Undergrad: 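One structure, pasted below without further comment.
This is a predicted model, so every value here is computed, not measured.
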Amino acid sequence: VARGKGGMGAMTKMMDAHNGTPPFAPPFLKAGSLVIGQTANILLYLGSRHGLAPKAEAGKLWVHQLQLTIADLVLEVHDTHHPLGPSLYYEDQKAPAKKRSEEFWTSRVPKYLGYFEDLVQANGGAFVTGRRISYADLSLFQIVEG
């Protein structure tokens with residue numbers, strides 16, 4: 001919405017029409033009278049509606065847990081560029097960013113990707129939860145491709 005003509009105004013209007021549950025910031029989804037913020041929460045809502053999450057509660061929560069772990073990884077990626085703080089320019093924290101990036105690639109990336117690779121193997125399928133694709137798999141695809 002924000003990128004189209006008049007989009008910022010439309011987005012702000014959508015954020016204000018929240019019925020007591022305003023999102024902090026984009027991304028958010030407006031579905032009928034619901035306004036749902038945070039990527040993992042949006043995916044929790046959409047996953048079972050589009051066949052990208054199990055229907056049973058235990059399975060839904062498991063895929064959501066995986067998505068929250070992916071969100072942790074994304075935050076760590078961000079922190080490689082802004083290790084001293086998100087309000088500071090990258091140019092003002094290049095030296096700490098380089099140090100943080102080295103540690104991230106040698107320690108954190110193998111830990112996260114190893115965890116997800118182990119799940120694929122343990123579940124005996126091509127996906128983290130087994131034989132069916134989930135929104136967590138799509139998020140992992142974006143991580144690897146990005």
Side-chain angles (χ1 to χ4, degrees), residues 1-4 7-8 10-12 14-15 17-91 93-146:
V1 170
R3 292 184 179 165
M8 289 299 289
M11 183 181 69
T12 301
M14 288 171 70
M15 289 177 71
H18 54 70
N19 297 327
T21 58
F24 176 69
F28 62 88
L29 171 71
K30 184 167 183 343
S33 63
L34 293 174
V35 177
I36 304 163
Q38 297 288 347
T39 301
N41 212 25
I42 293 166
L43 293 172
L44 175 65
Y45 175 80
L46 292 174
S48 59
R49 286 165 175 76
H50 294 282
L52 294 169
K55 294 191 185 300
E57 185 174 25
K60 277 187 205 178
L61 291 172
W62 171 239
V63 173
H64 187 61
Q65 177 180 322
L66 295 174
Q67 187 64 41
L68 292 170
T69 303
I70 292 166
D72 291 343
L73 170 58
V74 170
L75 177 63
E76 289 198 39
V77 170
H78 173 270
D79 287 351
T80 64
H81 295 86
H82 298 278
L84 301 180
S87 61
L88 301 173
Y89 291 111
Y90 168 71
E91 289 75 23
Q93 42 189 324
K94 277 187 177 181
K98 183 177 181 179
K99 184 176 181 181
R100 176 69 183 107
S101 293
E102 290 170 6
E103 190 274 336
F104 175 72
W105 279 106
T106 58
S107 176
R108 304 302 292 160
V109 169
K111 190 171 204 164
Y112 277 106
L113 295 184
Y115 171 72
F116 289 113
E117 288 173 356
D118 289 349
L119 288 176
V120 170
Q121 280 190 325
N123 288 320
F127 306 108
V128 291
T129 59
R131 297 178 190 272
R132 292 201 59 188
I133 193 167
S134 70
Y135 62 83
D137 293 289
L138 297 175
S139 293
L140 286 167
F141 170 81
Q142 292 297 320
I143 294 287
V144 172
E145 284 299 306

Undergrad: How far apart are the closest heavy atoms of His78 and Pro86, and which atoms are they?
TA: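 Answer, listing the atom of His78 first, then Pro86: CE1-CB, 4.0 Å.
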Undergrad: Between Asp118 and Tyr115 (side chain of the first, backbone of the second, donor and acceptor by atom type, cut-off under 3.5 Å), is there such a pair?
TA: no
Undergrad: Please indicate whether Glu91 has more than 12 foreign heavy atoms, meaning atoms of other residues, nucleotides or ligands, lying under 6.0 Å from its CD.
TA: yes
Undergrad: Which atoms form the tightest heavy-atom contact between Asp137 and Val128, and what is the distance?
TA: OD1-N, 2.9 Å
Undergrad: Establish, for the pair Arg49 and Tyr45, whether the NZ or CZ atom is under 6.0 angstrom from the six-membered ring centre and no further than 45 degrees off its axis.
TA: yes
Undergrad: Under the side chain to side chain contact (heavy atoms under 4.5 Å, CB included) rule, what do Asp79 and Phe104 come out as? Steps first, then yes or no, please.
TA: CA-CA 9 Å; Asp79 287 351; Phe104 175 72; over 6 Å; no
Undergrad: Is the number of heavy atoms from other residues, nucleotides or ligands within 6.0 Å of CD (Gln38) greater than 12?
TA: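 No.
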Undergrad: Using 0.5 Å steps for rounding, measure from the CG atom of Leu44 to the OG1 atom of Thr39.
TA: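 Result: 12.5 Å between the selected atoms.
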Undergrad: What closest approach, in Å, do Pro54 and Ser48 show between heavy atoms, and which atom pair accounts for it?
TA: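 So the two residues come closest at O-CB, 4.1 Å.
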Undergrad: Check Gln67 against Tyr135 and note the closest heavy-atom contact, atom names and distance.
TA: OE1-CD1, 3.5 Å
Undergrad: So, taking the atom named CD in Gln65 and the one named CG in Leu61, what distance separates them when rounded to the nearest 0.5 Å?
TA: 8.5 Å
Undergrad: Could you tell me the separation between the CG atom of Leu52 and the CZ atom of Arg132, rounded to the nearest 0.5 Å?
TA: 8.0 Å
Undergrad: Apply side chain to side chain contact (heavy atoms under 4.5 Å, CB included) to Val63 and Thr129, showing your working.
TA: CA-CA 8 Å; Val63 173; Thr129 59; 3.8 Å; yes
Undergrad: If you look at every heavy atom in Ala136 and Leu66, which pair is closest and at what distance?
TA: CB-CB, 4.1 Å
Undergrad: For Glu102, what residues pass the salt bridge (charged side-chain N to carboxylate O under 4.0 Å, His left out) criterion, not counting sequence neighbours?
TA: none
Undergrad: How long is the straight-line distance from CG of Leu84 back to CZ of Arg100, given to the nearest 0.5 Å?
TA: 11.5 Å
Undergrad: Which word best sums up how the rings of Tyr90 and His82 line up, parallel for under 30°, tilted for 30 to 60°, or perpendicular for over 60°?
TA: perpendicular
Undergrad: Which value, rounded to the nearest 0.5 Å, describes the distance between Leu34 atom CG and Thr21 atom OG1?
TA: 7.5 Å
Undergrad: Using 0.5 Å steps for rounding, measure from the CG atom of Leu73 to the NZ atom of Lys111.
TA: 13.0 Å
Undergrad: Step by step, would you call Asp72 with Thr69 a side-chain hydrogen bond (donor to acceptor under 3.5 Å, both in side chains)?
TA: CA-CA 5 Å; Asp72 291 343; Thr69 303; 5.0 Å; no
Undergrad: Donor-acceptor pair, Lys30 side chain versus Gly32 backbone, under 3.5 Å?
TA: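 Yes; at least one donor-acceptor contact below 3.5 Å.
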Undergrad: So which heavy atom on Pro83 is nearest to which on Pro96, and how close?
TA: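 Nearest pair, atom of Pro83 first, then Pro96: CG-C, 3.6 Å.
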Undergrad: Taking salt bridge (charged side-chain N to carboxylate O under 4.0 Å, His left out) as the definition, give me every residue that meets it alongside Arg108, ordered by chain and number, with sequence neighbours left out.
TA: Glu76
